[in-house]
2 protein chains.
Amino acid sequence: MSTTTEQGYATGRARRERIIAAATELFGRVGFNGATMLEVASACSISRAGLSHHFPTKESLLEAVLETRDKEDLERFRRNGSQGTDGLGILRGMVDLAAHNSAVPGIIGLYAVLSAEAGSPDHPAHAYFISRYERIRRGTASALRRAADRGYLRAGVDQDAAAVELTAIMDGLQVQWLLDPTSVDMSAAIRRRIEELLTVPLYDA
Amino acid sequence: MSTTTEQGYATGRARRERIIAAATELFGRVGFNGATMLEVASACSISRAGLSHHFPTKESLLEAVLETRDKEDLERFRRNGSQGTDGLGILRGMVDLAAHNSAVPGIIGLYAVLSAEAGSPDHPAHAYFISRYERIRRGTASALRRAADRGYLRAGVDQDAAAVELTAIMDGLQVQWLLDPTSVDMSAAIRRRIEELLTVPLYDA
């Protein structure tokens, strides 16, 4: 009985993950506004009722999609040494994120479409994206400030302005990459700009 | 009779412009995928049949929206001296465009949402946005090259890479601005980056 229940949980978890993966792909392709729950259900071969069991609304599904991505990204930044005191780990994390995201179909489209849609105050992810960008800018500026404290930042770099700019470059490169992946090497482009700001190598030689 | 016909044309033109303005706002807010022709008709207080008379499909309406914007933007670049041989007019045009767009509700949302949606190959504006970005990158690189020919570009600036980056900054700033207009001064940010690349003032002192 206990084993059956555990199998039930495992099956439920696996199905939940499959739904989130399908929704990630669909939201990234047609947007949250353009997607329907019926399409999500059909994309992962479950019934509309089966989908509702896991996610009663499209908004709750969107929330799960964003939470899942945030957890994975946080993990990635940790692996790049984001806890380091010199700020370089965060900056390496941006390069790594650009490289990783361009290898995973759907992720870039997801953020590009959702962040643009979410500019509208009635979008369910409006508040989420406002605080997401505040967090990204604050984290990047703080990394640059820690680098500056060690003398790793070029003289005259305005840390807050550079944080806005690096964040903008990451997003803008995605738009060009989505339309034509051969037009731009995202991680090389963001890496070049970050290295221009530094007086030391971004990676150990 | 002739006057009546002319009045008819004028009314038709005015109505067409009103439809395009409403569609610009709606596409910018909910995306092309999220918008319906019924909503467009309702936003400009005409019947669905009246709308179809001017624009038989949502795709034809999208085309008219983009054409209208392109004409206005081209005009703006010309006024900034884009025909000049030193390339600076194009660069000034980018700063002016950022300032202008942030003053016109709907325009930034329109391009942010559509360019992201259009990353999907089955989007009706997919080909349009691919060639739009090719044109923007080529035009920007050519402006930087002309500036370099005069000795106006800092040594070591890779013109093609800088064109990709400036284009990315323009787009990425828009995402942050859409979510929170107080978070970023778009024209100041793009101007600062352009001026960093130059050895001469962007504007006459």
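Proteins come first, then strands; the chains are lettered A, B, ... in the order of their sequence lines, and each starts at number 1.
In this structure, the portions of B/Ala118 lying under 4.5 Å from any heavy atom of chain A include both its backbone and its side chain. The contact between A/Val184 and chain B is made entirely by side chain atoms (from C-beta outward), counting heavy-atom distances below 4.5 Å. For a residue to count as touching a neighbouring chain, one of its non-hydrogen atoms must lie under 4.5 Å from one of that chain's; by this rule A/Val164 touches chain B with backbone and side chain alike. Heavy atoms of A/Ala161 lying under 4.5 Å from chain B belong to its backbone as well as its side chain.
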Could you list each donor and acceptor atom pair linking chain B to chain A at less than 3.5 Å?
residue	atom	partner	partner atom	Å
B/Val30	O	A/Asn33	ND2	3.1
B/Asn33	ND2	A/Val30	O	3.1
B/Arg137	NH1	A/Gln176	OE1	2.8
B/Val164	O	A/Gln176	NE2	3.1
B/Gln176	OE1	A/Arg137	NH1	2.9
B/Gln176	NE2	A/Val164	O	3.1
B/Arg193	NH2	A/Glu196	OE1	3.3
B/Glu196	OE1	A/Arg193	NH2	3.3

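Heavy-atom pairs under 4.5 Å with chain A were tallied for B/Leu114, B/Leu173, B/Ile136; the largest tally goes to B/Leu173.
For the side chain to side chain contact (heavy atoms under 4.5 Å, CB included) test, residues two or more places apart in sequence or in another chain that qualify with A/Ala112 are A/Leu178, B/Ala116.
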